[in-house]
Amino acid sequence: MSSYHFCPMCAQPLTRRHAFGRERPVCPACGWVHFQDPKLAVGALVQDEAGRVLLIRRAVIPRIGFWAVPSGFVEHDEQPREALQREIAEETGIQAEIGRVIDLFPNADARKSGPFFLFEAYARGGELRPGDDVSDARWFGPEDAPWDALAFAQLAGLLAQLWGREQP
C-alpha cells in the first residue's frame, strides 16, 4: 500500500486507478504516478586469508541477537558494490574488496519488500570492531561457527558449501 496520499508535485489528493498494468496512486491533476519500488539489499560472505568468514550479531529486527553476514540497503545514489563496501565498514570496521554475486534471495524483513543480493568479498584492511546495527562482529571458521544461532536458514547451507562440509 502506498504511503502517498497527496501528489508530491502539485499537492492534489491522489486517486487509485489502473496505470501501467496495475492499480496505482495517480494524481488526477498533473498525472504523476506513484510506483512502489522495491528496496535493494546487499550482503557479503567476507573471507580473510585463512578462509574464515566475517559474521555480525544482529542488533536490529529481524532476528536480533542472531549471527548473519554484514548487510544493508543500497541508497538511491549508490551502486550495489559501493553500498556493500560502506555497510561492511560501518558494521565491522573492515575494508573489503567485493567480488561476484553468489546468489539472490528475497529480503528477510517482510516489512521491506525487495531483493537481497549476496556477494563474495575479501578483507583488505581495517580493524575489526562492531558498529552500526551490530552488537558483535567476529571471524569464524567451520569449527567455531555459531551453527545454532544463524539468523537465516540459507546461511548455514552457504557456509557448509563454502567450507566443503555437511551442514550441521
Side-chain angles (χ1 to χ4, degrees), residues 2-4 8 20 34-168:
S2 173
S3 59
Y4 284 94
F20 300 95
H34 180 241
F35 293 90
Q36 186 74 36
D37 295 325
K39 189 70 175 151
L40 175 61
V42 291
L45 280 176
V46 182
Q47 295 181 65
D48 67 5
E49 296 90 17
R52 298 179 303 170
V53 171
L54 180 58
L55 298 178
I56 55 100
R57 187 183 298 263
R58 296 180 57 81
V60 295
I61 294 173
R63 309 288 289 162
I64 293 174
F66 287 84
W67 292 92
V69 297
S71 61
F73 291 103
V74 177
E75 296 288 344
H76 76 330
D77 59 348
E78 292 178 307
Q79 291 298 312
R81 283 180 173 84
E82 173 188 2
L84 187 50
Q85 285 176 319
R86 174 185 52 76
E87 288 287 350
I88 293 167
E90 286 175 2
E91 292 183 351
T92 70
I94 297 298
Q95 300 300 314
E97 175 185 332
I98 309 303
R100 68 179 177 86
V101 173
I102 295 172
D103 210 338
L104 171 66
F105 303 96
N107 191 332
D109 188 343
R111 299 168 303 153
K112 298 175 183 167
S113 68
F116 176 84
F117 285 85
L118 181 66
F119 288 82
E120 65 182 18
Y122 304 94
R124 298 295 188 235
E127 186 174 323
L128 184 61
R129 51 132 189 86
D132 292 355
D133 302 337
V134 171
S135 62
D136 198 359
R138 294 188 211 162
W139 293 103
F140 291 98
E143 314 78 36
D144 60 349
W147 296 103
D148 293 334
L150 296 175
F152 308 108
Q154 300 94 332
L155 183 53
L158 290 164
L159 291 175
Q161 183 179 13
L162 174 71
W163 289 321
R165 61 174 287 168
E166 290 291 316
Q167 184 175 329

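The first residue of the sequence shown is numbered 1, and numbering continues consecutively from there.
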- Criterion side chain to side chain contact (heavy atoms under 4.5 Å, CB included) on Glu120 and Ile102, from CA distance to verdict: CA-CA 6 Å; Glu120 65 182 18; Ile102 295 172; 3.9 Å; yes
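- Phe152 is listed as a side-chain neighbour of Arg58, based on a closest heavy-atom distance under 4.5 Å.
- The closest side-chain heavy-atom distance from Val60 to Val134 is not below 4.5 Å.
- Leu159 CG to Leu45 CG: the interatomic distance, rounded to the nearest 0.5 Å, is 6.0 Å.
- Pairs of residues two or more places apart, or lying in two chains, never qualify as ring pair (Phe, Tyr, Trp, His ring centres under 6.0 Å) while including a residue from residues 39-61.
- Around CZ of Phe35, the count of heavy atoms belonging to other residues, nucleotides or ligands within 6.0 Å exceeds 12.
- Atoms CD1 and CD1, on Ile56 and Ile94 in that order, are 13.5 Å from each other to the nearest 0.5 Å.
- With hydrogens and angles disregarded, a donor-acceptor distance shorter than 3.5 Å links the side chain of Lys39 to the backbone of Val74.
- Contact check for Leu104 versus Leu118: no side-chain heavy atoms found under the 4.5 Å cut-off.
- In this structure, the side-chain contact (heavy atoms from CB on, under 4.5 Å) partners of Glu82, at least two apart in sequence or on a different chain, are Glu78, Gln79.
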- Query: Passes side chain to side chain contact (heavy atoms under 4.5 Å, CB included), Leu55 versus Leu155? Steps please.
  - Reply: CA-CA 10 Å; Leu55 298 178; Leu155 183 53; 4.2 Å; yes
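- Pairs engaging residues 55-96 under the ring pair (Phe, Tyr, Trp, His ring centres under 6.0 Å) rule: Trp67-Phe140 [sequence neighbours left out].
- The CD atom of Glu97 lies 11.0 Å from the CD1 atom of Ile88; values are rounded to the nearest 0.5 Å.
- Listed by first and then second residue, the salt bridge (charged side-chain N to carboxylate O under 4.0 Å, His left out) pairs involving residues 40-51 are Asp48-Arg52 (not counting sequence neighbours).
- The shortest side-chain heavy-atom distance between Arg81 and Val42 does not fall under the 4.5 Å cut-off.
- Side-chain atoms of Glu91 come within 3.5 Å of backbone atoms of Ser71 as a donor-acceptor pair (strictly under, hydrogens ignored).
- Sorted by first then second residue, the side chain to side chain donor-acceptor pair (under 3.5 Å) pairs that include residues 137-162, not counting sequence neighbours, are Asp136-Arg138.
- Closest heavy-atom contact between Gly43 and Leu84: O-CD2, 3.5 Å.
- Using a 4.5 Å cut-off on side-chain heavy atoms (C-beta onward), Ser135 and Arg57 make contact.
- Residue Val46 comes nearest to Ala123 through the heavy atom pair CG1-N, 3.9 Å, listed as atom of the first residue, atom of the second, then distance.
- Between Pro115 and Leu40 there is a side-chain heavy-atom pair separated by less than 4.5 Å.
- Within the 4.5 Å cutoff, the side chain of Pro130 has no heavy atoms near those of the Thr92 side chain.
- Within the structure, ring pair (Phe, Tyr, Trp, His ring centres under 6.0 Å) pairs that include any residue of residues 82-128 do not occur (at least two apart or interchain).
- Residues Gln47 and Val53 are in side-chain contact: their nearest non-hydrogen atoms beyond the backbone lie under 4.5 Å apart.
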